Amino acid sequence: MNAMKLGWFSELNSELWPGVALSLEVEEVLHSERSSFQDILVVKTLTHGKALMLDGVIQCTEKDEMSYHEMISYLPLCSHPKPQNVLIVGGGDGGVAREVAKHPDVERVTLVDIDDRVIEVCKQYLPRLSLGLNNPYVNIIVGDGFEFLNHHQGEFDVIITDSSDPIGPAENLFKHAYYQLLKSALKPGGIIASQAGTAWANLDQVCSTFQHCKAVFPVATYAVTSVPTYPTGQIGFVLGSLTEQTNFAEPMKIFSGKDLDRMSLMYYNDKVHRAAFALPRFVEKALNNA
Ligand code: SPM
């Protein structure tokens, strides 16, 4: 559900964030179509650059996408001793691939997204994001992430699930069976990170996703970042590790200021990494009971 009225896009979703709607003033609709899986909309906003919406839900704006893409990428990558082979499930806009490919240890990136139209539309209209899709290290596969994992065992050091919300094409990526598949697709010592919703609007969803992760991985945790154009301005990730010694809150790899500049990172550094795991009491309590 979404509304375009008087030059404004409003993100209405009565199921996921009832009674709240973020609005962006739109200068121009650049692209709109119905793919086999979802509605795809790209607009030029007045204040946030270009924005991508899927099924009426904001996926990213050029102004604040770095907070999401850098954090979902570097929280797991910097928690792994040598993340050479990385799988991205979803992420058809290219933002995560762009970040993952910058990590000095990464040798191979595979991206599996179900919707080739998202990939093509982002290549055409969102080049700042989709430059990750043109990187020679990135192998793009159009297909179902769930199915892909079924046929790949013990292959990846890190798997990042950059999905939309659990209504629509991404629904299966929030289930227990998906976390079991993630575990089987990892090499020994592997790590996963998945989009897991915001505690303010979807505490139940956060807890159930965390529960699936905790049931499968010896170490599981939840971290947050701020994305002003997501509902409540915040989103979180669950992280799981096959290694009991993993302490997600303390990065194994620390980039110097020079590294961060060379990699053009605008949000992530080791201090932000540690802070992402400092959770409010109500979230900590809910996760402890999950
Ligand atoms: N590469 C960007 C894809 C973004 N994936 C996450 C989108 C989530 C949007 N809704 C946030 C609602 C939080 N409950």
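Just so we're clear, the structure is a prediction, and the values are computed from it rather than from any experiment. Just follow the structure's listing: the first ligand is 1, and inside any ligand the first atom is 1.
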For [X] and ligand 1, answer yes if some heavy atom of the residue is under 4.0 Å from a ligand atom, otherwise no.
{"X": "His69", "answer": "yes"}
{"X": "Val96", "answer": "no"}
{"X": "Ser163", "answer": "yes"}
{"X": "Ile58", "answer": "yes"}

The answer for which part of Asp165 has a heavy atom under 4.0 Å from ligand 1 is side chain
Under 4.0 Å between heavy atoms, the region of Gln195 that gets near ligand 1 turns out to be side chain
Is [Y] paired with [X] through a side-chain N to carboxylate O contact shorter than 4.0 Å?
{"X": "Glu99", "Y": "Lys102", "answer": "yes"}
{"X": "Arg262", "Y": "Asp259", "answer": "yes"}
{"X": "Lys123", "Y": "Asp93", "answer": "no"}

- Message: As a quick check of understanding, evaluate side-chain hydrogen bond (donor to acceptor under 3.5 Å, both in side chains) for Ser67 and Asp64, giving each step before the final call.
- Response: CA-CA 6 Å; Ser67 155; Asp64 60 11; over 6 Å; no
Counting from 1 in the order shown, the ligand 1 atoms closer than 4.0 Å to a non-hydrogen atom of Asp162 are 1 (N), 2 (C), 3 (C), 4 (C), 5 (N)
(message) Is there a polar contact, in the sense of an N or O pair closer than 3.5 Å, between Ser164 and ligand 1?
(response) no
Is the shortest N/O to N/O distance between Asn202 and ligand 1 below 3.5 Å? yes
Exercise for the section: Could you tell me if the ring centre of Tyr74 sits under 6.0 Å from that of Tyr268? Expected result: yes
In short, Ser226 meets Tyr267 closest at the heavy-atom pair OG-OH, 3.3 Å
